[in-house]
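Here is the structure we will look at.
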Protein chains: 2
Amino acid sequence: MAITIKDVAKKAGVSPATVSRVIADNPRISVKTKVKVRKVMEDMGYYPNFQARNLVANKSRTLGIIMENSAALAFQNPFFPEVLRGISTQAHDSKYGLYLSTGATQEEIYQEVVEMVQGRRVDGIVLLYSKIDDPVLEFLRKSELPFAVVGRPHQDPCSVTYVNNDNINTAKDTVEYLIGLGHRHIAFVGGATDFVVSIDRMQGYQQALAKHDIPFDVNYTVNQDFIQGKERDSIRRLMGLPVPPTAIVTHDDMVAYEVIGYLEDLEIRVPDDVSIIGFNNHTISRYLKPPLSTVDISIYELGLRAAELVLEKITDASIPPKQVAVPSRLIERGSCRRL
Amino acid sequence: MAITIKDVAKKAGVSPATVSRVIADNPRISVKTKVKVRKVMEDMGYYPNFQARNLVANKSRTLGIIMENSAALAFQNPFFPEVLRGISTQAHDSKYGLYLSTGATQEEIYQEVVEMVQGRRVDGIVLLYSKIDDPVLEFLRKSELPFAVVGRPHQDPCSVTYVNNDNINTAKDTVEYLIGLGHRHIAFVGGATDFVVSIDRMQGYQQALAKHDIPFDVNYTVNQDFIQGKERDSIRRLMGLPVPPTAIVTHDDMVAYEVIGYLEDLEIRVPDDVSIIGFNNHTISRYLKPPLSTVDISIYELGLRAAELVLEKITDASIPPKQVAVPSRLIERGSCRRL
DNA sequence: CTGAAAGCGCTTACAG
DNA sequence: CTGAAAGCGCTTACAG
């Protein structure tokens, strides 16, 4: 069995209570005693038992990280490691641990979250996605546990704490950038339609078109889970339109490169024949050919700030829901050309 | 305060001990009582407190995941999410949770691991990397806690449980594939030299050359942390050699594409002028141009099996150290050509 | 089949 | 400045 506080107490000739206070660096304990007890702790290789400590404190110093459908998309995309890096940094600075969801289906994830929360496994939660009618989010809203969402909640956003890019305006600006380059036939390849980020970007896309009197045509949009199977066909359809697009906005750099690959197979060249712009500015995008114009959404900062917000709420439960906007910026590289 | 076992007991008119046994589905409790108590638990929304349960059981049903230097490389590379996906699947199936290291430096990570282990925060550990003279590994060896390494330990490998690709032979086969294509001047771009995987692949590279009577020339090797800053120069140097290589083996697909980018900047074309092969078979590699020939190392399975091994050791501590080899296979695509 | 009691390893009022 | 005692929420021999 491991060394306990009692063992240390006995050896040091003090009470367990005193040892506990030395660990907590309680100012009412004499320096002399502290020195003595610390020496014994070190000699014996004592480490506090988290389970016991957490039980009495009724906290875990742990943040739960909930990601969508770990079995599939979430893991394919560099977004996940990067946002996790931000969370990780912040958590480490505050001496918090990270507990990861492992569920593959919505139902599994829901069960996990309930257990994390009710079982007091975590002190707070970062929800890494935002989708419409999400039971997980609804559960968290009703629970007392501090949490923050990466992304804008679909309903009643002001009542929850979240970080977000202004996806509507960012998408709008992006499309306007292409319009400024002379493009009028701009296609939009978006993500799954139940994700708020997809909805927002689609809206920004439409706003930009409207502003410049370009009619919205649903045939110019592809909305589905990419990296799935029918992408190639979608691109073929898009380029086979009576008036094919001269520019394509894709919701992720990786998807952009996938699209570029399909286009090259069709002997359509980027940016000569079609301009392409991505989102997320993955590390690799600057090295690939063509270097991808993209929107950097500060993924690391999204994670960092989300963790910060949860930690804040854990420290002070009275803090009202807060919304933090993280900047995004267009990075011009070589995948778009002026018409 | 949350609902406890006592609240349920009172409402159901039984003792807390009985409630506890109902939760554990103890066969000595009558069905009638079980039904009654379960109904009350449901009505009250009772969930067991993990901290308390773990304290008396002296286990946490949690696996610690230790990754190298979370602040930098580990997160840039799709290896991490993919291996995590494997671990996650296995852990979820066994109803284990995942606890992630957050440290950015070797020293921070070491401290975290010690706390995880001594503080009984986790029941087992998966070490996601293997490097030479790693204090973390040495600590784990001395501890009683079950653990598994992804990668071959540098010293005394038979005494630790690990999963690995046969990196030496895989690298050897890869180089021989290029030799079979007629290449004699083959460069090797490897990872950081304190990682065992880099050492092994370099050795395989050398073995292949030796077997075919091609002298090893250190000028044909680049060994450093790529994605750092001097990569472009290294490639320029390589291609400026009196006899430049006709083929380059890189230790990762992302690095391969970075190299391809630098080569294109030098007006050197792949595969026309230089053949390139990668490692790890990232999802995106098949879509990019040129489609990358690469070695698939079954990253998902590495994670899955590592988790499986730890779980096995947790269940039965008497199991001797085990070594599991995970297959790797060469995937021919369009980035290599016959001379 | 069920309960009272002890205990897991800590922390923290309460006393002194 | 320090200790004895109670308690965090659970589990599990021991009795009956």
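Being a predicted model, the structure only gives us computed values, none of them experimental. All chains are named by letter (A, B, ...) in the order of the sequence lines, taking the proteins before the strands, and each is independently numbered beginning at 1.
Of the residues listed (A:K11, A:R38, A:M41), the one engaging A:Y46 in a side-chain contact (heavy atoms from CB on, under 4.5 Å) is A:M41, and it is the only one.
Atom NZ in A:K6 sits roughly 15 Å away from atom C1' in D:dG3 (whole-Å rounding). The NZ atom of B:K59 sits 15 Å away from the P atom of C:dG9 (whole-angstrom rounding). Separating the CG atom of A:D7 from the P atom of C:dG9 is a distance of 9 Å, rounded to the nearest angstrom. Taking atom NZ of B:K10 as the reference point, atom C1' of D:dC10 lies 16 Å away to the nearest angstrom. The distance from atom CD of A:Q51 to atom P of C:dG7 is 21 Å, rounded to the nearest whole Å. If you measure from atom CG of A:N58 to atom C1' of C:dT12, you get 15 Å, rounded to the nearest angstrom. Rounded to whole Å, atom C1' of D:dA6 lies 14 Å from atom CG of A:L55. At whole-Å resolution of the value, CE in B:M41 and P in D:dC10 are 11 Å apart.
Counting heavy atoms from C-beta on, the side chains of B:D7 and B:K10 never come closer than 4.5 Å. Between B:L127 and B:L137 the shortest side-chain heavy-atom distance falls below 4.5 Å. Annotation: side chain of A:Y129 is not in contact with side chain of A:V197 (no heavy-atom distance under 4.5 Å). Between B:V163 and B:E301, every side-chain heavy-atom pair lies at or beyond the 4.5 Å cut-off.
Taking for each of B:A57 and B:R28 the nucleotide of DNA chain D with the nearest heavy atom, the 5'-most of the two is the partner of B:A57. The 5' end of DNA chain C is approached more closely, in terms of each residue's nearest nucleotide, by B:A17 than by the other of A:I23 and B:A17.
Judged by distance alone, with hydrogens and angles left aside, B:R120 brings no side-chain donor or acceptor close enough to the base of C:dG9 to form a pair under 3.5 Å.
The nucleotide whose nearest atom lies closest to any side-chain atom of A:S15 is, among D:dG3, C:dG3, C:dG9, D:dG3. Counting only heavy atoms from C-beta on, B:N49 has its side chain closest to D:dC10 among D:dT11, D:dC10, C:dG9. Out of D:dA13, D:dC8, C:dT2, the shortest distance to the side chain of B:R21 is found at D:dA13. Looking at the side chain of A:V56, the nearest of the listed nucleotides C:dC10, D:dG3, C:dG3 is C:dC10. Among D:dT2, C:dG3, D:dG9, the nucleotide with an atom closest to any side-chain atom of B:V14 is C:dG3. The side chain of A:R53 sits closest to C:dC10 out of C:dC10, C:dA4, D:dG9.
Using a 4.0 Å heavy-atom cutoff across all strands shown, A:Y46 reaches sugar-phosphate atoms only and no base atom. At a threshold of 4.0 angstrom between heavy atoms, the contacts of A:S20 include nucleobase atoms, whether or not backbone atoms are also involved.
Within the 4.0 Å cut-off from OP1 or OP2 of D:dG3, at least one side-chain nitrogen or oxygen of A:T18 is found. The phosphate of C:dT2 has OP1 or OP2 within less than 4.0 Å of a side-chain N or O from B:T33.
Pairing of C:dG3, defined by two Watson-Crick or G-U wobble distances under 3.5 Å, is identified with D:dC14.
Ring geometry, B:Y110 versus B:F139: the interplanar angle exceeds 60°, so the pair is classed perpendicular (tilted spans 30 to 60°).
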